[in-house]
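Only this structure's heavy atoms are used, side chains among them; waters, hydrogens and symmetry mates stay out. Reminder, nothing fancy here: chain letters follow the sequence lines and each chain counts from 1. Predicted, not measured: the structure shown is a model, and the values here were computed from it.
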Amino acid sequence: MIATLQQQELLTICALRADSKSVDWSLIARTCQSPEALQVVLGGDIPEDSTVARKNLSLLRKALSAIDDARARVATELEAAEKAGARLVTVLDADYPANLRLVPNLPPFLFHLGDLEEKDARSAAIVGTRNASEDGMRRAARMARLLVAEDVVIFSGLAKGIDTAAHTATLDSGGRTVAVMGTGIAAKIYPAQNRGLAARIVAEGGALVSQFWPTSAPATWTFPRRNVVTSGSTMGSIVIEASSTSGAKMQARIAHEHGKHVFLIKSLATSEPWAAKMVAEGKAVEVAELDDVISRLGNAKRVQQAAQQRLQLALAGL
Amino acid sequence: MTHAADLPTPLAFPQCAKCPYVLTGTPEVCALCASRTIKPLAEHHCQLCSQNLSSPGAACWNRICNWAPQQRCFTRVDAVALYAHPLEAVIKKFKYDDGNTGWGTIFGRLIVGWLNAHEDEVADIDLIIGNPSAPGRMPIQHIETIMSAAYAEDIAGRWPIADPAKPVLVKTRETKKSAAGGVRWNEKMEAAKEHAAALKLHTPVQGKRILLVDDVFTTGATFHTVGKRLTQEAEAAEVRGLVLARVPG
């Protein structure tokens, strides 16, 4: 069994449904970080005072009457994950990624293939458009190589284009890379052309992570949520190439709202109005050289301490 | 404005227990939220001790502020807020009643949030340390708890907060408490002297500009006596202060 009883209870809350809706997963993640809090929510209360908590309270209470369906769903999903060789980490666990504990819309759980490591705390996301130019691909690869030399873990989204260039260059230079997927950990790799890359990431000491149910297929709503986790898992997001309609632009905005660093490559900041605006407003840093990024990244130990402090606060209560 | 990340709104200090950000909050989020409910310093306040003044440039009646600069062993003390509702009750509860370390975490965020918001004023600081409390202090070594939290909450490592694992200044024994109610100058000064005499320095601070952090500021007697040891004995270049709350006159 890949899940402890407590983890199963947490997943069960996530699987609850009423009127074909689930309880808000970020709300669950914020309020179920200790065994006691888990019992409070299973008892039909939400220990948070917010608009979203009020909206979800009646939904939770109604859905709890069908908790057996939720348990069955969890059992099916865990079986699929186990078959795929995946492991599970949740907000209840000390080894939940440290950076993610510092964002308010964190996922309640992650399934992963390959290890999650403490050094992942010192990380940056390299993201950009799927329809990348040759220059863009080259810049993404160069940035990845330079960061690997500084012992930074590279996160990206396993999409074609910039993401592929970032993952590939990281592996080629012997670095560690983590792909945050828009699909379930036991579902078919998306896009199919990156099946080989996904396998290589795991084989060469990296990891694939997914915040979705293991059997989840790609959907239009999964990718924006995936961007939240890609931003949240790292100290900052580096956008290489992205038009105003690109998901990478959305990730830049999310990273800013997360209070993370937003790094925009100089060629992007000088060519895209949205990027120039973020720099002008002080929401992003224009990156001309590596040190613009490195000088702003903190160290992994400090992030781990901040995360452990939060877990202790969850256990002790206020 | 639409929010890309669709984030919840912070509740309001001190209702932190039920706030969406109690576990996930950063110094920026928590300091901004707290600033909506805690009582700010008066518009006109003493540049030395943050005391309320009736008008800009009015003389401060706090005794130490009228000393000659060479006689006073700290240069100035800033405060996050006034010692008033609702901050006052939370500090008292944390310090004297339940000693819940969670409040230490929240206060640590407020300290770091203040530093981030006043980066130009503290850019020249070389070392940030807490005013030590006695070993075994009950219910908690409150300043050490706050500073340890502040160290972790300064995730980017922007500030030279002393590593809690390698304390710079520690208190070796309990000393007489400074007068809890009212401001009796002589008693305050005697207690402050005893407190400073019980401190032990573990790391040289020669030539350093030190920011000394405490929870509450009333007269400055403690900052003066601790500052005296740090500047005169240990040859620190300067001792400046930062407190969570300034007791209003």
Side-chain angles (χ1 to χ4, degrees), chain A residues 24 26-27 29-31 33-34 37 46-53 91 98-106 121 224-225 227-228 231-232 235 249-261 296-299 301-318, chain B residues 1-33 90 93-94 98-109 112-113 116 140 145-146 148-159 161 163-165:
Chain A
D24 183 282
S26 298
L27 175 66
R30 287 195 299 273
T31 53
Q33 298 195 21
S34 72
I46 301 177
E48 176 179 303
D49 187 354
S50 66
T51 313
V52 63
V91 281
N99 278 308
L100 272 179
R101 283 201 191 276
L102 314 181
V103 299
N105 50 354
L106 70 178
R225 290 195 196 185
N227 292 347
V228 169
S231 162
M235 287 177 166
K249 175 195 155 191
M250 193 57 81
Q251 181 162 334
R253 289 180 55 192
I254 291 167
H256 171 67
E257 286 170 18
H258 278 163
K260 309 270 188 186
H261 297 291
R296 288 176 176 85
L297 294 182
N299 72 64
K301 199 173 143 219
R302 205 68 84 94
V303 177
Q304 295 291 352
Q305 280 176 349
Q308 291 314 310
Q309 184 160 291
R310 283 160 164 75
L311 189 56
Q312 280 162 21
L313 178 51
L315 292 169
L318 196 62
Chain B
M1 145 138 197
T2 57
H3 290 279
D6 193 22
L7 304 182
T9 310
L11 197 50
F13 181 89
Q15 298 166 262
C16 309
K18 292 200 135 195
C19 175
Y21 292 86
V22 61
L23 301 177
T24 63
T26 58
E28 286 73 20
V29 170
C30 294
L32 186 66
C33 169
V90 182
K93 186 164 167 282
F94 167 63
D98 63 10
N100 186 326
T101 55
W103 285 112
T105 301
I106 303 292
F107 290 146
R109 286 181 198 160
V112 175
N116 292 345
I140 194 170
T145 305
I146 292 172
S148 169
Y151 178 81
E153 293 291 326
D154 177 24
I155 291 158
R158 281 179 73 182
W159 304 108
I161 301 170
D163 183 345

Next on the checklist: Counting heavy-atom pairs under 4.5 Å with chain B, which one of A/Thr51, A/Leu27, A/Leu311, A/Leu318 comes out on top?
Outcome noted: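 Counting heavy-atom pairs under 4.5 Å, the top option is A/Leu318.
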Proximal component of [X], with respect to chain A [non-hydrogen, under 4.5 Å]:
X	value
B/Val29	neither
B/Thr26	both
B/Asp98	neither
B/Leu11	side chain

Next on the checklist: Taking side chain as everything from C-beta outward and backbone as N, CA, C, O, which of these in A/Pro104 sits under 4.5 Å from a heavy atom of chain B? Side chain, backbone, both or neither.
Outcome noted: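 Looking at A/Pro104, backbone and side chain both touch chain B.
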Checklist entry - For A/Leu106, is it the side chain, the backbone, both or neither that has a heavy atom under 4.5 Å from a heavy atom of chain B? => result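 The side chain, not the backbone.
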Out of curiosity, [X] [atom1] to [Y] [atom2], how far, rounded to the nearest 0.5 Å?
X	Y	atom1	atom2	value
B/Thr24	A/His258	OG1	NE2	9.5 Å
A/Glu48	B/Leu23	CD	CG	9.5 Å
B/Ile155	A/Asn299	CD1	CG	11.0 Å
B/Thr105	A/Gln309	OG1	CD	4.0 Å

Item to check | Closest approach of B/Tyr151 to A/Gln305 (non-hydrogen atoms, all atoms of both residues) | outcome: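 Scanning both residues completely, I find the closest heavy atoms to be CE2-OE1, 3.3 Å.
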Checklist entry - Within the side chain of B/Arg158, is there an N or O that forms a donor-acceptor pair under 3.5 Å with the backbone of A/Arg296? => result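 Here the side-chain-to-backbone pair does not exist.
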Next on the checklist: If you count heavy-atom pairs within less than 4.5 Å of chain A, which of B/Pro20, B/Gly157, B/Pro8 leads?
Outcome noted: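 Of B/Pro20, B/Gly157, B/Pro8, B/Pro20 has the most heavy-atom pairs under 4.5 Å with chain A.
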Item to check | B/Tyr21 six-ring centre to A/Arg30 NZ/CZ under 6.0 Å and within 45° of normal | outcome: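 No, a cation-pi geometry is absent between A/Arg30 and B/Tyr21.
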